[in-house]
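Structure record follows, encoded as structure tokens.
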Number of protein chains: 2
Amino acid sequence: MTTPCSACPLRRREHFVEMTRDEVRQTEAFKAGEMTIEPGTHLLIEGAGSAQLYTALSGMGLRYKSLADGSRQVLNIIFPGDFVGLQAGVMGEMKHSVVARTQMTLCVFDRNEFYSFVRSSPNRGFDVTWLAAMEEHFLGEALATVGQRDASDRIAWALVRIYQRGQALGMVNGGGLMPFPFRQQDLADLLGLSLVHTNKTLARLRRHNLVRWQDGQLAIPGLEPMAEMAGLELEPPPRRPLI
Amino acid sequence: MTTPCSACPLRRREHFVEMTRDEVRQTEAFKAGEMTIEPGTHLLIEGAGSAQLYTALSGMGLRYKSLADGSRQVLNIIFPGDFVGLQAGVMGEMKHSVVARTQMTLCVFDRNEFYSFVRSSPNRGFDVTWLAAMEEHFLGEALATVGQRDASDRIAWALVRIYQRGQALGMVNGGGLMPFPFRQQDLADLLGLSLVHTNKTLARLRRHNLVRWQDGQLAIPGLEPMAEMAGLELEPPPRRPLI
DNA sequence: CGAGTGATTGACGCAGATCAAGCGAAGTGG
DNA sequence: CCACTTCGCTTGATCTGCGTCAATCACTCG
């Protein structure tokens with residue numbers, strides 16, 4: 001039923017760094033099982049400890065924090081290959097929640113094994129650190145975007161970042177479309193904007209034919225000007241390790 | 001001239017987790033030297049690779065990103081005991097800059113040794129991961145604050161967080177004052193506010209006798225209501241590893 | 001004493017929040 | 001098969017928190 005790591009379809013993608021035979025074996029030993037969840041399901045809940053850690057195999061979701069007044073900050077989007085639950089792994093408790101936006105399949109790991117997994121090989125420990133540092137970098141960029149840029153620049157930043165990730169993962173089809181199973185409210189909560197203003201700003205980007213987003217699919221005809229607005233280079237993201 | 005790790009004054013503080021004799025020895029071996037820099041000196045520059053990593057021994061500074069339009073996002077504040085340069089360590093290039101706001105003394109490590117240091121003991125590797133995860137958590141909280149809260153709540157959040165950190169490090173003196181060698185512009189850039197609005201909001205907090213900040217010293221007479229505004233609990237932060 | 005740096009305060013304007021209403025598509029149940 | 005609800009998207013009107021501009025003040029320093 002479950003995919004063995006040796007046959008993992010993600011590992012083949014060149015977006016991920018190769019693993020040695022030993023690393024595959026260690027990961028396989030770490031893996032406790034596989035699970036599939038439906039859209040809208042919460043995988044992890046803020047404040048709760050979790051006995052499991054996950055790697056997304058397919059599907060998309062998002063991480064968010066909710067505040068006392070009921071508002072919500074989306075921290076980032078979860079793509080296939082993302083390692084989920086590191087905070088619970090090292091700190092014992094999640095500081096944000098994770099919810100699925102499509103059906104998702106996930107590798108399940110046992111939190112109790114995490115420490116020994118990291119020990120198992122210094123390379124794997126280093127990989128986890130690399131992922132954490134990358135996440136830190138991403139959040140810093142998000143903070144700079146939300147703190148310093150106006151609405152259209154923020155939207156451009158988010159969409160370009162997401163699209164780049166989709167490209168790296170081969171999720172963009174021949175027509176330049178990638179799956180984008182989110183609501184405008186999700187984008188608004190990611191960028192610190194109201195839903196209404198997000199909608200109006202998106203409408204403007206659409207009118208200028210910079211963005212196409214409908215039926216859960218995203219295309220960016222104006223990728224270059226959008227990246228320009230976002231202050232981003234159009235380079236493929238670095239290859240990342242897979243846990 | 002340089003302090004041996006075995007005599008490190010920080011390690012004694014209970015804010016930091018104890019280290020085994022072996023860990024102290026490994027860290028000592030990793031340490032390449034010590035340096036002191038003056039206020040305003042840039043320790044690391046965004047985009048540049050760095051041959052060194054650092055741990056702050058004394059003094060304070062801040063990390064920031066600068067944007068194309070000249071604006072600046074402060075990512076966080078550097079306290080004694082903070083490990084600086086992890087991104088350069090794992091990714092080869094800094095994604096933000098670091099500048100000193102007081103005179104700072106720093107332990108210097110050689111980036112080339114970083115990988116073998118992490119290997120040297122699985123515990124030390126885990127510590128680095130822990131720090132990265134903590135940083136990620138902090139940035140997530142900052143993002144939620146900047147994205148979702150109004151000016152006075154943002155300021156309350158930042159000042160309470162900073163003050164808590166100061167308490168944990170024993171930087172708060174009998175009068176409830178801690179050193180706070182920053183400008184209002186720094187706080188504004190941390191919180192995504194303009195200098196003017198930051199100033200006016202601070203004035204209001206001062207009038208209500210919630211905050212005292214002058215001559216580079218900070219006190220929070222209204223710590224409880226401030227924490228309430230900030231949506232924070234008044235617990236001491238978790239003990240952190242020291243690199 | 002003039003120059004530079006940071007804090008402060010008032011006046012004004014706007015980006016974006018809030019309020020409100022309507023629309024189409026997809027259930028759902030009687 | 002048709003009312004009725006729900007959910008997400010859209011759009012107009014109005015309001016406001018915060019940005020911007022500009023001037024002043026207190027200090028420090030050469």
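Keep in mind the model is a prediction, meaning the values are calculated, not measured. Quick note: numbers below take in every heavy atom, side chains included, and nothing from hydrogens, waters or symmetry partners. The chains referred to below are lettered A, B, ... by the order of the sequence lines, with proteins before strands, and numbering in each begins at 1.
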I'd like to know whether A/Lys65 forms a side-chain contact (heavy atoms from CB on, under 4.5 Å) with B/Gln148, so could you lay out the CA-CA distance, the side-chain angles of the two residues, the decisive distance to 0.1 Å, and finally the verdict. CA-CA 11 Å; A/Lys65 272 176 103 63; B/Gln148 308 298 330; over 6 Å; no
State, with a plain yes or no, whether a side-chain heavy atom of [X] is found less than 4.5 Å away from one of [Y].
{"X": "B/Val98", "Y": "B/Tyr54", "result": "no"}
{"X": "B/Leu202", "Y": "B/Leu159", "result": "yes"}
{"X": "A/Ser58", "Y": "A/Thr36", "result": "no"}

May I ask you to list the residues of [range], by number, that have any heavy atom positioned under 4.0 Å from an atom of DNA chain C?
{"range": "residues 180-187 of chain B", "result": "B/Arg183, B/Gln184"}
{"range": "residues 203-220 of chain A", "result": "none"}
{"range": "residues 63-75 of chain B", "result": "none"}

Review item, side-chain donor-acceptor pairs of residues 205-218 of chain A, under 3.5 Å, at least two apart:
| residue | atom | partner | partner atom | Å |
| --- | --- | --- | --- | --- |
| A/Arg206 | NH1 | A/Trp213 | O | 2.9 |
| A/Asn209 | OD1 | A/Arg212 | NH2 | 3.3 |

More than 12 non-hydrogen atoms from neighbouring residues, nucleotides or ligands closer than 6.0 Å to CD on A/Glu224, yes or no? no
In terms of heavy-atom contacts, B/Glu136 and A/Leu86 come closest through OE1-CD2, 4.4 Å
Could you go step by step and tell me if A/Phe79 and A/Met171 meet the side-chain contact (heavy atoms from CB on, under 4.5 Å) rule? CA-CA 10 Å; A/Phe79 285 86; A/Met171 296 168 78; 3.9 Å; yes
If only atom types and distance count, is the side chain of A/Arg63 paired as donor or acceptor with the main-chain N or O of A/Ile78 below 3.5 Å? no
I'd like to know if A/Asp189 pairs up with A/Arg183 as an ion pair, taking the criterion as any Lys NZ or Arg NE/NH1/NH2 lying under 4.0 Å from an Asp or Glu carboxylate oxygen. no
Between the protein and nucleotides 14-18 of chain D, list every N/O to N/O distance that falls short of 3.5 Å.
| residue | atom | partner | partner atom | Å |
| --- | --- | --- | --- | --- |
| D/dC18 | OP1 | B/Ala151 | N | 3.1 |
| D/dC18 | OP2 | B/His197 | NE2 | 3.2 |
| D/dC18 | O5' | B/His197 | NE2 | 3.4 |

What is the distance from CG of B/Leu195 to P of C/dT9, rounded to the nearest Å? 13 Å
Using the C1' atoms of the five pairs at each end, what is the angle between the end axes of the helix from C/dC1-D/dG30 to C/dG30-D/dC1, to 10°? 30°
